[in-house]
Amino acid sequence: MENIAIYERKQRIEPSMCDFSGRLAVDANFALFQDVASEHAELLGVGFRDMNARKSFWLTVRTRVRFYKRPFLMQEVDAATWPAQPGSTRCDRYYRLSAGGETLVEGRTEWCVYDVEKGAVRPMSEAGFREGIVYSDARVLDAPYARFRHDFQDADRACAHVVRPFEVDVGQHMNNVAYLRMLMDSFSVSEQRGMKIREMEILFCMPCFEGEELEVMRRPTERGFEFGVRRPDGRYAALALLHTKD
């Protein structure tokens, strides 16, 4: 058994991970963090197969990512991730991309464990972490998460999006990363060229499913933009912010 508190590996920024600028795309960065977290979870006894056997799965509550310098096409970076000591029903996990000792991107995600049979959140004590794990005290982006407004009557309808089959994950709902791709797709390439993407945070409120038509509501803020992803029933599936200013 491997009780690795901090997991690290090399990662080359492949062409499929980059946007028009030749840098790691915002949604691809979220996907990379999700992938290394999944790899680490396997070592800690709480990976996909372990959770599936317990009839449960990890549910992302919210994620914040801070971009200091987005890595470029074919650049080799060091990817690291580590979980915090689990709480009663939630667990934070942290991430870092670096190169040559320089931090490029940092992230933080709040997770919970969903019990498929009960249709409810499980206590972290039942998550299944292996015994003997020494959790790191290292923290990044540890300021309180954003408080979002749920009223978007003063916002613009930036775009519409139909949930496609390839966006559906093993939980049978829209994959978390697909939301980020959809939000960035609400901007044209010319609009994105003028942006300095500093930080993005997203709160997942409820699932979306294949075939549903979603509306991306967007309004400007002092530091960038705020989004609401509206379901066909009028409720919001996700709320997010994008900071383009420090």
Side-chain angles (χ1 to χ4, degrees), residues 2-51 58 60 62-84 92-111 136 138-141 164-171 174-185 187-202 240 242-244:
E2 295 184 73
N3 295 334
I4 303 174
I6 298 180
Y7 177 71
E8 299 176 286
R9 70 167 169 84
K10 297 289 185 181
Q11 174 68 51
R12 188 179 302 279
I13 306 303
E14 306 289 353
S16 60
M17 304 167 69
C18 295
D19 63 12
F20 63 89
S21 69
R23 295 178 294 176
L24 181 63
V26 171
D27 61 284
N29 200 134
F30 278 74
L32 174 55
F33 283 164
Q34 183 172 274
D35 289 347
V36 295
S38 297
E39 293 173 12
H40 192 201
E42 291 289 336
L43 300 177
L44 300 180
V46 288
F48 171 74
R49 289 170 294 182
D50 302 295
M51 303 301 279
W58 285 104
T60 306
R62 62 177 82 210
T63 299
R64 173 188 294 158
V65 173
R66 175 73 176 179
F67 302 93
Y68 302 103
K69 186 184 293 184
R70 281 195 291 154
F72 282 93
L73 173 67
M74 301 308 290
Q75 182 177 359
E76 189 173 86
V77 300
D78 297 303
T81 183
W82 63 98
D92 273 341
R93 177 174 277 276
Y94 301 94
Y95 312 84
R96 180 180 291 118
L97 293 184
S98 59
E102 180 184 14
T103 297
L104 306 177
V105 187
E106 291 179 323
R108 174 188 173 198
T109 298
E110 184 180 64
W111 302 79
S136 173
R139 302 287 185 270
V140 299
L141 308 183
R164 303 301 184 187
F166 69 87
E167 295 175 320
V168 176
D169 61 19
V170 294
M174 187 174 176
N175 188 282
N176 296 336
V177 175
Y179 288 87
L180 280 301
R181 186 180 303 114
M182 175 178 61
L183 296 181
M184 293 308 299
D185 281 348
F187 298 102
S188 66
V189 169
S190 60
E191 288 174 316
Q192 292 187 48
R193 285 190 194 281
M195 289 182 185
K196 291 184 178 180
I197 298 174
R198 300 301 191 193
E199 186 170 301
M200 197 157 197
E201 182 174 330
I202 184 165
L242 172 65
H243 287 167
T244 57

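Computation of the quantities below employed the complete heavy-atom set of this structure, encompassing side-chain atoms and omitting hydrogens, waters and symmetry-equivalent molecules. Position 1 is the first residue of the sequence; numbering continues from there.
- Contacts of Ser188 classified as side chain to side chain contact (heavy atoms under 4.5 Å, CB included), with partners at least two apart in sequence or in another chain: Ser190, Glu191.
- Ala5 approaches Ser136 most closely through the heavy-atom pair CB-N, 4.4 Å.
- At least one donor-acceptor pair closer than 3.5 Å links the side chain of Thr81 to the backbone N or O of Tyr94.
- For the pair Arg93 and Ala41, the tightest heavy-atom approach, listed with the atom from each and the gap, is NH2-N, 4.4 Å.
- Between Arg139 and Arg108 the shortest side-chain heavy-atom distance does not fall below 4.5 Å.
- For Pro15, the side chain to side chain contact (heavy atoms under 4.5 Å, CB included) partners at least two apart in sequence or on another chain are Leu73, Met74.
- Remark: the backbone N or O of Met51 is not paired with any side-chain donor or acceptor of Trp58 at under 3.5 angstrom.
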* Test Val177 against Glu167 for side chain to side chain contact (heavy atoms under 4.5 Å, CB included), laying out the working first. => CA-CA 9 Å; Val177 175; Glu167 295 175 320; over 6 Å; no
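- The side chain to side chain contact (heavy atoms under 4.5 Å, CB included) check on Glu106 picks up Tyr68, Arg96, Thr103, Val140, Leu141, with sequence neighbours excluded.
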Side-chain donor/acceptor pairs under 3.5 Å, residues 193-202, sequence neighbours excluded:
unit_1, atom_1, unit_2, atom_2, d
Glu201, OE1, Arg64, NE, 2.8
Glu201, OE1, Arg64, NH2, 3.0
Glu201, OE2, Ala146, N, 2.8

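- At a threshold of 4.5 Å between non-hydrogen side-chain atoms, the residues Gln75 and Leu104 count as touching.
- Ring orientation note: the planes of Phe30 and Phe67 are tilted relative to one another, at an angle of 30° to 60°.
- Residues Met182 and Met174 meet the side-chain proximity criterion, which asks for heavy atoms closer than 4.5 Å.
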Result block: side-chain N/O donor-acceptor pairs under 3.5 angstrom for residues 21-28, not counting sequence neighbours:
unit_1, atom_1, unit_2, atom_2, d
Ser21, OG, Asp19, OD1, 2.5
Ser21, OG, Arg23, N, 3.4
Ser21, OG, Arg23, NE, 3.0
Asp27, OD2, Arg181, NE, 3.4

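- Evaluation of the ring-ring contact (aromatic ring centres under 6.0 Å, His included) rule for Tyr7 yields His40 as partners, not counting sequence neighbours.
- Summarising the geometry, atom CG belonging to Asn176 is positioned 7.0 Å from atom OG1 belonging to Thr63; distances are rounded to the nearest 0.5 Å.
- Taking the side chain as every heavy atom from C-beta outward, Leu97 and Phe33 approach each other to under 4.5 Å.
- We find the CD-CG distance between Gln192 and Asp185 to be 7.5 Å, quoted to the nearest 0.5 Å.
- The two atoms that bring Val105 and Pro71 nearest to each other are CG2-CD, 4.2 Å, heavy atoms only.
- Of the inter-residue distances, the one linking Thr109 atom OG1 with Gln34 atom CD reads 8.5 Å to the nearest 0.5 angstrom.
- How far CD of Glu76 is from NZ of Lys10: 5.5 Å, rounded to the nearest 0.5 Å.
- In this structure the side chain of Met17 never reaches within 4.5 angstrom of the side chain of Asn29, judged on heavy atoms.
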